[in-house]
Amino acid sequence: AAKASGRNCAKLFDPNDPQSSDESENIAALLKIAIDQNLVSMVYQPIRNLSSGRIDAAEALMRLKMLDGTSVPPSLFIPIAERTGAILELGRWAVKTVCKEVLANSLVPVASVNVSPIQLKTPGFAASIAAVLGETGVAGGRLAFEITEGLEMEMNSDILRCISDLKMLGIRIWLDDFGTGFAGLSWLRLIDFDTVKIDRSFLHDCNTERGKAMLQDIISLVRNRGHKILVEGVETDSQLSLMHKFRIDQVQGYHVGRPEPAARFRTSVIESAVTVRTSKPARL
Ligand code: C2E
Ligand code: MG
Ligand code: MG
Ligand code: MG
């Protein structure tokens with residue numbers, strides 16, 4: 001199933017393995033030259049709106065290649081980029097690339113970009129995003145920032161101020177991987193997320209009544225608080241029909257489409273629009 005972490009990828013990081021710490025130093029060095037050497041790129045995974053049937057958003061995901069062409073999975077390089085601070089420049093580059101590749105060309109109405117707490121804590125982050133919007137001519141309302149519910153991040157007043165500055169630019173704030181940490185519930189009290197992304201681990205349990213009931217409870221909780229709901233990791237027909245039954249707003253997963261570079265993403269979205277039966281021609 002996890003093809004992404006398969007053969008062409010660097011092995012998983014193990015801090016107790018001396019070879020891994022060499023590897024992590026190599027990756028730290030690579031990250032410094034990655035933008036200049038074209039070693040980083042963005043791929044886009046479609047998000048389908050279940051009431052219209054259309055692809056109405058895409059999540060942007062970062063990819064990194066080593067000099068020999070091997071890919072390094074984000075689960076390995078993102079934590080290193082956060083630790084070294086490289087995430088600041090990479091993050092800015094990511095937003096600019098997403099604006100240019102998919103938003104300025106109107107490939108999709110909204111693109112979401114994952115942001116690290118390190119970025120939210122950095123003074124001037126919102127201003128740097130405002131500058132990217134100005135440069136690329138993209139309206140803030142077309143961007144969403146995904147914040148992952150993680151253990152490490154405490155929601156302090158600097159982060160809350162940053163989020164409110166981003167909202168003032170029109171940027172939507174989404175809560176990612178909801179249900180995987182301890183923080184999510186308290187964040188729901190503090191932040192008015194536009195959309196909550198339910199972690200894909202909840203879908204795995206959906207073949208049992210107990211698992212299904214659990215997912216239903218989470219959905220009611222999120223919905224009753226007025227957030228839109230996106231379920232991640234939809235892989236099968238039966239999962240998709242369950243999502244229709246639960247009246248989920250948006251779905252994302254291999255069943256909808258895999259992450260692809262902008263050019264191929266464009267073709268996939270056009271093909272998918274053709275298969276949606278609507279009276280009006282699809283606007284792209
Ligand atoms: P995420 O934000 O939760 O992204 C979803 C991950 O699930 C992606 O993995 C995606 O390829 C994978 N996925 C999507 N649909 C399915 C499915 O149906 N089944 C399965 N098994 N997997 C699916 P990816 O691209 O390896 O990214 C992993 C994580 O790395 C992301 O999780 C995100 O937390 C982080 N990440 C990726 N790009 C960026 C970035 O530009 N900046 C930051 N800060 N973090 C990033
Ligand atoms: Mg995400
Ligand atoms: Mg996620
Ligand atoms: Mg995740």
Side-chain angles (χ1 to χ4, degrees), residues 1-6 8-10 12-13 31 34-35 39-48 57-65 71-99 101-102 110-122 125 129 143-153 172-181 184 193-204 206 229-240 243 250-261 265:
K3 201 178 169 192
S5 53
N8 279 333
C9 291
L12 284 183
F13 177 63
L31 288 170
I35 296 174
L39 299 172
V40 273
S41 60
M42 299 306 288
V43 289
Y44 303 93
Q45 186 174 30
I47 293 174
R48 190 183 295 286
E59 178 175 13
L61 296 156
M62 197 179 285
R63 295 292 177 257
L64 174 70
K65 278 194 187 316
S71 7
V72 186
S75 56
L76 178 54
F77 75 80
I78 295 287
I80 298 171
E82 288 177 329
R83 188 163 46 72
T84 63
I87 195 71
L88 294 177
E89 208 189 328
L90 286 168
R92 211 175 314 116
W93 173 88
V95 173
K96 199 187 220 171
T97 303
V98 170
C99 287
E101 285 190 334
V102 301
V110 171
S112 68
V113 185
N114 295 281
V115 300
S116 152
I118 313 283
Q119 293 171 275
L120 299 173
K121 273 187 219 163
T122 302
F125 174 66
I129 297 302
L143 262 185
F145 282 172
E146 297 191 10
I147 305 175
T148 303
E149 171 183 355
L151 276 177
E152 314 91 75
M153 177 164 149
R172 302 152 201 239
I173 308 294
W174 293 3
L175 177 55
D176 201 359
D177 305 324
F178 183 66
T180 56
F193 293 103
D194 293 280
T195 296
V196 172
K197 298 183 78 170
I198 314 254
D199 191 70
R200 68 167 187 265
S201 56
F202 289 96
L203 277 184
H204 292 157
C206 265
I229 302 175
L230 185 159
V231 174
E232 308 185 87
V234 174
E235 293 181 356
T236 64
D237 276 334
S238 67
Q239 289 173 339
L240 183 65
M243 296 306 103
Q250 290 168 304
V251 292
Q252 179 182 351
Y254 296 159
H255 192 278
V256 180
R258 295 205 172 235
E260 292 178 311
F265 171 78

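When a ligand or atom number is given, it counts from 1 through the structure's own listing order. Quick caveat: nothing in here was measured; it's all calculated off a predicted structure.
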For ligand 1, which part of L90 has a heavy atom less than 4.0 Å away: the side chain, the backbone, both, or neither?
neither
Of all N/O/S atoms in E59, the name of the one nearest the Mg ion (ligand 2)
OE2
One pair to check against side-chain contact (heavy atoms from CB on, under 4.5 Å): V95 and F145. What are the steps and the verdict?
CA-CA 10 Å; V95 173; F145 282 172; 4.0 Å; yes
I need the contact type for V113 against ligand 1. Using non-hydrogen atoms and a strict under-4.0 Å cut-off, is it side chain, backbone, both or neither?
neither
When you measure from the Mg ion (ligand 2) to each N, O or S atom of E146, which atom gives the shortest distance?
OE1
In Å and rounded to the nearest 0.5 Å, what is the CD1 to CD1 distance from I87 to I118?
8.5 Å
Applying side-chain contact (heavy atoms from CB on, under 4.5 Å) between D176 and each of I147, T148, I198, report the one that passes.
T148
Output yes when the distance from some N or O of ligand 1 to some N or O of E82 is under 3.5 Å, and no in every other case.
no
Can you tell me which portion of R63 lies within the under-4.0 Å heavy-atom range of ligand 1? Options are side chain, backbone, both, or neither.
side chain
Is the distance from the Mg ion (ligand 2) to the nearest N/O/S atom of D177 under 2.8 Å?
no
If you apply the rule side-chain contact (heavy atoms from CB on, under 4.5 Å), what do you find for V196 with I229, and how did you get there?
CA-CA 5 Å; V196 172; I229 302 175; 5.6 Å; no
Side-chain touch K65/S41, heavy atoms, less than 4.5 angstrom
no
Determine, step by step, whether Q119 and L88 satisfy the side-chain contact (heavy atoms from CB on, under 4.5 Å) criterion, reporting the C-alpha distance in whole Å, the side-chain angles of both residues, the deciding distance to 0.1 Å, and the verdict.
CA-CA 6 Å; Q119 293 171 275; L88 294 177; 4.1 Å; yes
Regarding atom 37 (C) of ligand 1: of the candidates V40, V251, L61, which has the closest heavy atom?
L61
Check R258 against ligand 1 and report side chain, backbone, both or neither, counting heavy atoms closer than 4.0 Å.
neither
Contact between E146 and S112 at the side-chain level, heavy atoms closer than 4.5 Å - yes or no?
yes
Can you figure out which of W174, Y254, W93, F145 has its heavy atom closest to atom 13 (N) of ligand 1?
Y254
So do M243 and L203 actually touch side chain to side chain, heavy atoms under 4.5 Å?
yes
Would you say E232 and D177 make side-chain contact, with heavy atoms under 4.5 Å?
yes
What atoms of ligand 1 come within less than 4.0 Å of a heavy atom belonging to G233?
17 (C), 18 (O)
Is the shortest heavy-atom distance from the side chain of I78 to the side chain of L90 under 4.5 Å?
no
Show your reasoning for whether side-chain contact (heavy atoms from CB on, under 4.5 Å) applies to E89 and L31.
CA-CA 10 Å; E89 208 189 328; L31 288 170; over 6 Å; no
For P259, atoms of ligand 1 separated by under 4.0 Å from a heavy atom:
11 (O)
The one among P73, G91, P74 that brings a heavy atom closest to atom 27 (O) of ligand 1:
P74
Are any N, O or S atoms from E232 nearer to the Mg ion (ligand 3) than 2.8 Å?
yes
Contact check, side chains of M62 and M42, non-hydrogen atoms, under 4.5 Å
yes
Out of all atoms in ligand 1, which are within 4.0 Å of some heavy atom of G253? Include the element for each.
15 (N), 18 (O)
What one should report as the nearest heavy-atom pair of V256 and P46 is CG1-O, 3.9 Å
Please tell me if the side chains of Y44 and E101 come closer than 4.5 Å, counting only heavy atoms from C-beta onward.
yes
Nearest to atom 2 (O) of ligand 1 by heavy atom, N114, V95, I87: which?
N114
The Mg ion (ligand 2) to nearest N/O/S of N114 less than 2.8 Å
yes
Under 4.0 Å, heavy-atom basis, I'd like to know which part of A94 is in contact with ligand 1: side chain, backbone, both or neither.
neither
Shortest heavy-atom approach to atom 40 (C) of ligand 1 - which of Q45, E146, H255, M62
M62
Under 4.0 Å from a heavy atom of D177: which atoms of ligand 1 are those, numbered in the order shown and with their elements?
3 (O)
With respect to Q119, determine whether any N or O atom, backbone or side chain, lies less than 3.5 Å from an N or O atom of ligand 1.
no
Atom name in D176, limited to N/O/S, at shortest distance from the Mg ion (ligand 3):
OD1
If we number the atoms of ligand 1 from 1 as shown, the ones under 4.0 Å from a heavy atom of E235 are 17 (C), 18 (O), 19 (N), 20 (C), 21 (N)
Identity of the nearest option to atom 7 (O) of ligand 1, non-hydrogen atoms only, from E59, R200, E232
R200
